[in-house]
Amino acid sequence: MTNRADNARAKPGLPMRELTRATGLAKSTLLYYVEQGLLPAPVKTSPNMAYYHPSCVERAAFIKDLQVNHRLPLDKIKKLLELRDQGQEVAPLVEMLHLIFGPGPERLLNLKELCRQSGLSREEVEAWRAAGLLRPLQEQGYDQQDLAMAVSLAGAGRRGIAPRDLAFYPRLGREIVAREMKLRGRLIRRLDLPANIQVTMQMVRAARATRAYVIDRIFQEQVRASRLRAEE
């Protein structure tokens with residue numbers, strides 16, 4: 001007579017109920033991961049019974065971490081998984097993503113919550129989004145950076161500033177980032193992946209410092225010049 005341990009060893013993997021319990025993810029989510037090629041297909045022993053490889057637990061946790069904490073879409077996550085499956089070290093890539101995107105939001109706000117906390121109406125949110133001044137990274141909701149910007153935009157609106165008045169920010173921002181990306185492309189052209197990641201992280205830090213420094217200095221210089229002219 002076989003005991004329970006023998007039965008467990010005989011199983012080709014985890015049934016769905018155990019996989020959902022181990023990962024904390026819904027059955028529908030796990031099935032979608034399988035459908036998208038993010039998790040390996042299960043071993044089916046009957047039309048109504050399928051077993052998933054134990055590695056799916058760690059793999060699902062990795063996918064969830066990249067989605068929540070690094071804000072990656074599933075197509076990008078799939079490429080990372082493919083690299084990992086080929087034996088490549090992806091931890092530096094994940095570190096780079098953390099630098100670029102920061103920690104994932106503890107909780108996303110829906111549109112109603114964003115409006116209530118910022119003072120913007122739904123129509124105003126759409127207008128600022130259309131102008132490129134409010135730019136949520138995730139369609140599922142708004143994070144704290146979005147909320148801080150929405151509060152600032154609500155204040156601008158109360159002072160009579162319209163979205164079109166600030167449209168130069170995204171226009172010039174796109175040009176700055178395009179030039180930064182072109183420079184990065186030149187620097188990493190012949191580098192292997194580890195060196196590529198290192199250079200990219202250095203450039204991200206430098207770009208953030210340079211944007212803040214140069215724009216602030218230009219602003220300070222113009223304020224000082226206008227004050228001196230007023231005193232003449």
Side-chain angles (χ1 to χ4, degrees), residues 4-118 120 122-123 125-126 128-130 134-150:
R4 187 173 298 177
D6 292 332
N7 288 333
R9 281 195 295 270
K11 291 180 181 179
L14 301 172
M16 177 56 77
R17 64 179 180 277
E18 291 184 20
L19 186 61
T20 56
R21 187 162 54 244
T23 61
L25 296 173
K27 176 181 177 180
S28 58
T29 300
L30 294 167
L31 291 176
Y32 184 69
Y33 287 172
V34 173
E35 180 187 328
Q36 296 300 310
L38 299 165
L39 293 179
V43 175
K44 289 195 172 185
T45 57
S46 71
N48 298 318
M49 196 65 209
Y51 290 91
Y52 295 81
H53 194 277
S55 65
C56 288
V57 176
E58 182 278 332
R59 198 175 179 92
F62 183 67
I63 295 168
K64 184 178 179 181
D65 176 64
L66 292 175
Q67 276 190 297
V68 174
N69 294 321
H70 303 291
R71 314 184 195 201
L72 279 189
L74 289 181
D75 61 328
K76 303 296 183 187
I77 293 174
K78 187 175 182 180
K79 292 185 184 301
L80 273 179
L81 288 168
E82 289 170 355
L83 288 174
R84 195 175 73 158
D85 292 342
Q86 294 164 11
Q88 292 225 32
E89 176 57 60
V90 298
L93 270 171
V94 174
E95 182 185 358
M96 181 183 73
L97 294 171
H98 184 80
L99 173 65
I100 294 172
F101 294 103
E106 292 183 5
R107 188 177 74 87
L108 292 174
L109 303 175
N110 59 34
L111 178 57
K112 183 178 180 180
E113 291 172 318
L114 180 76
C115 292
R116 179 176 58 81
Q117 294 190 37
S118 68
L120 290 175
R122 289 172 178 261
E123 293 75 19
V125 168
E126 290 306 314
W128 288 114
R129 287 191 64 166
L134 191 58
R135 310 174 72 93
L137 284 175
Q138 301 184 61
E139 287 301 320
Q140 299 94 324
Y142 301 84
D143 62 21
Q144 290 302 307
Q145 282 184 293
D146 299 323
L147 175 59
M149 189 63 190

Can you tell me how far apart [atom1] ([X]) and [atom2] ([Y]) are? Round to the nearest 0.5 Å.
| X | Y | atom1 | atom2 | result |
| --- | --- | --- | --- | --- |
| Arg59 | His53 | CZ | NE2 | 11.0 Å |
| Phe62 | Ile77 | CZ | CD1 | 8.0 Å |
| Lys76 | Leu72 | NZ | CG | 8.5 Å |
| Arg135 | Leu137 | CZ | CG | 9.5 Å |
| Met149 | Asp143 | CE | CG | 12.5 Å |
| Leu74 | Leu81 | CG | CG | 9.5 Å |

- Query: Which of these, Leu30, Thr20, Leu19, sits in a side-chain contact (heavy atoms from CB on, under 4.5 Å) with Leu25?
  - Reply: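 Per the side-chain contact (heavy atoms from CB on, under 4.5 Å) rule, the option paired with Leu25 is Leu30, out of Leu30, Thr20, Leu19.
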- Item | Criterion side-chain contact (heavy atoms from CB on, under 4.5 Å) against Lys112, the qualifying member of Asn110, Leu109, Leu114 |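 Per the side-chain contact (heavy atoms from CB on, under 4.5 Å) rule, the option paired with Lys112 is Asn110, out of Asn110, Leu109, Leu114.
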Nearest heavy atoms of [X] and [Y], plus distance in Å:
| X | Y | answer |
| --- | --- | --- |
| Tyr52 | Pro40 | CD2-O, 4.4 Å |
| Thr23 | Cys56 | CG2-O, 4.4 Å |
| Asp146 | Leu134 | O-CD1, 3.6 Å |
| Pro136 | Gly141 | CB-O, 3.9 Å |
| Leu97 | His70 | C-ND1, 4.1 Å |
| Gly13 | Tyr51 | O-CD2, 3.3 Å |

- Task: Using the side chain to side chain contact (heavy atoms under 4.5 Å, CB included) rule, take Leu39 and Ile63 through it: C-alpha gap first, then chi angles, then the decisive distance, then the call.
- Result: CA-CA 9 Å; Leu39 293 179; Ile63 295 168; 4.2 Å; yes
- Gln138 side chain to Gln140 backbone, donor-acceptor under 3.5 Å: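 No.
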- Message: For the backbone of Cys115 and the side chain of Arg122, can you confirm whether one donor and one acceptor N or O come within less than 3.5 Å of each other?
- Response: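 No; zero donor-acceptor contacts below 3.5 Å.
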- Query: Within a reach of under 6.0 Å around OH of Tyr32, are more than 12 heavy atoms found that belong to other residues, nucleotides or ligands?
  - Reply: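 No.
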- Quick check: are there more than 12 heavy atoms from other residues, nucleotides or ligands sitting under 6.0 Å from CD of Gln145?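 Check fails, neighbour count at 12 or below.
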- Item | Test log, rule salt bridge (charged side-chain N to carboxylate O under 4.0 Å, His left out), inputs Lys78 and Asp85 | CA-CA 10 Å; Lys78 187 175 182 180; Asp85 292 342; over 6 Å; no
- Query: Between Pro42 and Met16, is any pair of side-chain heavy atoms under 4.5 Å apart?
  - Reply: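 With C-beta onward as the side chain, the pair stays apart.
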- Query: Are any of the side-chain heavy atoms of Trp128 and Leu120 separated by less than 4.5 Å?
  - Reply: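 Result yes, sub-4.5 Å side-chain heavy-atom pair found.
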- Apply salt bridge (charged side-chain N to carboxylate O under 4.0 Å, His left out) to the pair Glu139 and Arg129, showing each step before the final yes or no. CA-CA 12 Å; Glu139 287 301 320; Arg129 287 191 64 166; 3.6 Å; yes
- Query: Are the charged groups of Arg84 and Glu58 less than 4.0 angstrom apart, N to O?
  - Reply: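 Yes, this pair counts.
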